[in-house]
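This report concerns only the one structure given below.
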Number of protein chains: 2
Amino acid sequence: MSRLDSFIRRLEAQRAVLNHAAALIADIDGPIIELGLGNGRTYDHLRELFPAREIFVCERRVAAHPDCIPPDHLLLLGDMFETLPAARGRLQGRLALAHFDAGTGDAVGNLRLAAGLRPLILPLLRDGAVLATQQAMDGEGLTPLPLPAGVPDGRYYLYRRS
Amino acid sequence: MSRLDSFIRRLEAQRAVLNHAAALIADIDGPIIELGLGNGRTYDHLRELFPAREIFVCERRVAAHPDCIPPDHLLLLGDMFETLPAARGRLQGRLALAHFDAGTGDAVGNLRLAAGLRPLILPLLRDGAVLATQQAMDGEGLTPLPLPAGVPDGRYYLYRRS
């Protein structure tokens with residue numbers, strides 16, 4: 001499989017997981033959070049899926065397409081390890097969905113990042129909220145959910161806050 | 001359609017066109033040229049499609065994944081408007097396939113680039129060679145070919161050197 005093939009599979013998996021997550025939280029109120037804006041493609045997809053919800057975005061330094069930049073009041077600008085704890089006052093127990101895609105090919109670094117983020121994200125999720133992540137975040141408080149059809153095990157992870 | 005949807009469609013179209021081009025040139029000897037390396041994903045796909053052919057790559061400044069960097073003797077390093085004319089000595093009338101994807105969202109700039117490249121690529125193609133391009137390059141010496149199933153008109157262009 002070429003890198004083009006595997007990139008397409010990764011993007012298709014991401015889209016399938018996000019579309020599925022939208023169905024899973026249809027009855028759960030609350031804002032969304034995207035952990036990392038990047039070029040803004042995923043954020044744009046979230047905006048389409050959730051036109052009526054606030055979508056918070058963590059980003060260290062905004063470098064997205066101009067059409068895909070969140071409004072200032074929803075942008076948590078800076079290091080997530082500082083901005084997520086600082087946002088606890090307004091987001092604790094409120095989020096309906098969090099999405100994390102480290103977006104790098106550094107497998108060891110991504111796992112370490114996911115492990116570090118887990119305790120920062122967990123308190124922001126309301127009961128029944130969904131966490132969609134490209135890196136596993138198994139453990140207490142998160143019940144694994146099955147992936148949508150066509151997404152192979154290990155390519156994405158879905159959890160329900162419990 | 002979100003930017004994620006449209007990006008996936010663009011990559012799927014690219015893969016479908018390249019796979020189709022491989023079938024079209026199955027009986028035509030000669031090397032391949034990739035006009036622009038970028039991150040190297042498309043180059044990697046071409047390597048998979050054409051393991052037995054030389055694949056030349058034009059790139060101004062190599063910034064691809066380390067696994068996707070062409071060998072020095074196949075890399076035309078620098079501005080294509082200089083490297084393509086300079087390569088005429090060894091490539092004239094030899095190439096079986098050329099692929100061009102400007103890879104930017106600047107539609108006007110991409111069209112101008114395609115128009116400028118057309119007279120530089122044309123002499124390198126052998127009779128019956130295929131040109132696959134994301135920007136139209138209509139005109140004498142290039143007969144339009146139908147796109148593979150699923151690729152909408154205007155998303156890609158296929159030509160046979162005539």
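Reminder, nothing fancy here: chain letters follow the sequence lines and each chain counts from 1.
Heavy-atom neighbours of A:D106 CG from other residues, nucleotides or ligands within 6.0 Å: above the threshold of 12. Within a 6.0 Å sphere centred on CZ of A:R53, heavy atoms belonging to other residues, nucleotides or ligands number more than 12.
Tracing side-chain contacts under 4.5 Å through hydrophobic residues (I, L, V, M, F, W, Y), one reaches A:L117 starting from A:L122; they form part of the same cluster. A continuous path of hydrophobic side-chain contacts links B:Y156 to B:L145 [ILVMFWY only; heavy atoms under 4.5 Å].
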Applying side chain to side chain contact (heavy atoms under 4.5 Å, CB included), run through B:L4 and A:L11 and close with a yes or a no.
CA-CA 8 Å; B:L4 179 61; A:L11 293 170; 3.9 Å; yes

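In this structure, the side chain of B:E48 engages the main chain of A:M1 through a donor-acceptor pair within 3.5 Å.
In this structure, CG on B:D5 lies 7.5 Å from CG on A:N19, to the nearest 0.5 angstrom.
By number of non-hydrogen pairs under 4.5 angstrom with chain B, the leading residue of A:T42, A:L49, A:D67 is A:D67.
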